[in-house]
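Working notes, beginning with the structure itself.
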2 protein chains.
Amino acid sequence: MRKGEETRTRILDVAEAAVLQKGFGGTSIEELIAETGITKSGFFYHFRDKNELAKALLNRYIENDERIYDEIFSRARDLTDDPLQSFLLGLKLLSELLSDLPNGHPGCLVAGICYYERLFDREIQETNRNAVLAWRRRFGRMLRDIVAVYPLREPVDVDQLADMVSSVLEGGIVLSKTLKEPNTLAEQVLMLRTFVKMLFLPVAAMPRG
Amino acid sequence: MRKGEETRTRILDVAEAAVLQKGFGGTSIEELIAETGITKSGFFYHFRDKNELAKALLNRYIENDERIYDEIFSRARDLTDDPLQSFLLGLKLLSELLSDLPNGHPGCLVAGICYYERLFDREIQETNRNAVLAWRRRFGRMLRDIVAVYPLREPVDVDQLADMVSSVLEGGIVLSKTLKEPNTLAEQVLMLRTFVKMLFLPVAAMPRG
DNA sequence: CCCCTCCTGTACCGCCGGTACAGTTTTCAG
DNA sequence: CTGAAAACTGTACCGGCGGTACAGGAGGGG
């Protein structure tokens with residue numbers, strides 16, 4: 001019972017790394033069992049088929065993702081009561097966390113799966129959709145707290161702004177991976193931070209050019 | 001000679017649609033030849049292997065992509081001499097083009113390939129990298145034209161800002177695809193437009209909240 | 001008429017996802 | 001300590017797929 005969970009976790013660990021490097025279609029079950037040191041029968045004892053592996057992988061990834069955001073933004077809230085400052089601080093902490101990743105961000109499973117949509121069943125696509133909607137709610141909540149205190153200097157939709165956080169993260173990951181420049185992702189997050197700052201704070205006085 | 005090119009193009013058309021829906025690993029050569037109405041031998045006459053298909057597909061995609069940006073932003077430049085206004089107009093035109101896509105954006109091959117990196121050889125990864133660098137140069141050039149005329153209201157790196165265009169596009173595609181909300185991508189482009197506008201234009205006077 | 005391009009047909013290989021199922025070891029609750 | 005359930009292993013097999021090899025044919029241009 002306990003051992004089963006451990007093996008399952010090991011399979012998921014190996015699979016996650018492989019999938020983020022090669023995609024689902026490029027990851028064979030045979031290589032997973034070779035690296036895990038398990039037999040094929042053992043694999044199919046834990047997962048009925050590849051689709052169920054994907055399901056488990058995605059759910060675990062999303063949970064972990066949510067946990068990380070919870071930690072970062074709750075740390076930020078601990079450090080200041082102001083909703084804008086804590087959001088900006090959260091983005092700063094996030095960018096630091098991202099730039100500390102030794103080999104750059106390994107890739108986002110949600111994005112990976114959306115580029116394979118037809119390979120998976122509706123349940124997985126629905127899970128994926130809900131993950132993105134959860135991001136929208138999360139950042140939307142924080143932004144609404146800000147809007148309640150600070151005036152918006154341009155008329156923007158709060159949900160769309162919340163989506164922009166996800167956009168920049170997902171897009172930054174793509175750029176970082178493609179360019180093989182780990183820093184790009186962190187820089188993009190800071191750029192987004194500048195946008196949020198400008199949207200809510202008066203601009204520093206500047207000489208007219 | 002002529003006929004060969006036509007068949008090749010037909011294969012690439014079918015392949016592109018399939019790859020954007022299912023990813024490379026999820027697209028079989030057999031299904032491509034079935035839909036193209038060609039035999040396996042015929043396929044391998046045109047492409048030595050799947051990797052070469054990917055190469056041709058990516059090159060064609062990038063060329064087309066460049067052409068579209070050329071058209072949009074040259075149209076924008078035709079309509080106004082001001083570099084900022086023409087950039088903002090270009091983003092507007094881009095968002096309109098994106099929201100006019102009947103089934104939403106089909107997906108970006110560059111992003112698709114970056115999520116499969118290990119499956120392809122270095123040449124493809126280099127091509128992909130160069131495509132992203134070309135985006136950086138393209139948008140960077142336009143932004144530098146703006147900076148030459150308008151003061152930047154926040155200290156941001158121009159190349160990082162140029163990358164933000166790519167980030168928001170790539171991220172917006174991921175969100176749009178995952179959420180199955182075609183509009184999200186266009187909205188994200190407009191949100192980016194707002195950011196650029198704020199960076200260069202004085203904010204409209206607002207009552208202090 | 002002949003050659004070259006552009007294919008078709010056939011046969012084959014090895015890998016992979018998946019199935020089936022019988023048998024064995026490990027674990028833990030009672 | 002024991003027995004049943006959990007957690008596997010081993011073996012054999014299937015069909016699809018990527019890829020190879022190679023022979024041959026249609027059709028157009030010089």
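So you know, we letter chains A, B, ... as the sequences are listed, proteins then strands, and number each from 1.
Going from atom CZ of B/F43 over to atom P of D/dG19 covers 8 Å, rounded to whole Å. Atom-to-atom, CG of B/L32 to C1' of D/dG19 comes out at 14 Å; the value is rounded to the nearest Å. B/I38 has its CD1 atom 6 Å from the P atom of C/dC7, to the nearest Å. If you measure from atom CD of B/E5 to atom P of C/dC7, you get 10 Å, rounded to the nearest angstrom. Taking atom CD1 of residue A/I33 and atom P of nucleotide C/dG18, one finds them 12 Å apart after rounding to whole Å. Between the CZ atom of A/F44 and the P atom of D/dG10 there is a distance of 16 Å, rounded to whole Å. Here the P atom of nucleotide D/dC17 and the CZ atom of B/F24 are 17 Å apart, to the nearest Å.
Remark: B/Y61 engages no residue in a ring pair (Phe, Tyr, Trp, His ring centres under 6.0 Å) (not counting sequence neighbours).
Sorted by residue number, the members of residues 45-59 of chain B with any non-hydrogen atom under 4.0 Å from DNA chain C read B/Y45, B/H46.
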Show your working on side-chain hydrogen bond (donor to acceptor under 3.5 Å, both in side chains) between A/D65 and A/W135 and close with a plain yes or no. CA-CA 10 Å; A/D65 192 81; A/W135 293 338; 3.0 Å; yes
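Between the B/Y150 side chain and the B/L199 main chain, no donor and acceptor come within less than 3.5 Å of each other. Judged by distance alone, the side chain of B/T178 and the main-chain N or O of B/L175 form no donor-acceptor pair under 3.5 Å. For the pair B/E52 (side chain) and B/D49 (backbone), a donor-acceptor distance under 3.5 Å is absent. Under a 3.5 Å cut-off, the side chain of B/K180 and the backbone N or O of A/R129 do not form any donor-acceptor pair. Listed for the B/T194 side chain is a donor-acceptor partner under 3.5 Å among the backbone atoms of B/L190. Of the possible donor and acceptor atoms, one in the side chain of B/N59 sits under 3.5 Å from a partner among the backbone N and O of B/K55.
Between A/F195 and B/F195, the ring planes lie tilted relative to each other; the angle falls in the 30° to 60° range.
Donor-acceptor pairing under 3.5 Å, judged by distance alone, is present between the side chain of B/K40 and the base of D/dG18.
Checked against C/dC16, D/dT9, C/dT8, the side chain of B/T39 finds its nearest nucleotide in C/dT8. Taking only side-chain atoms of B/I29, from C-beta outward, the nucleotide of D/dG19, C/dC16, D/dC8 with the closest atom is D/dG19. Taking every side-chain heavy atom of A/S28 into account, C/dC16 is the closest of D/dG19, D/dT9, C/dC16. Checking C/dT8, C/dC16, D/dC8 against every side-chain atom of A/T7, the shortest atom distance belongs to D/dC8.
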Detail all sub-3.5 Å separations between protein N/O atoms and N/O atoms belonging to nucleotides 21-26 of chain C.
none

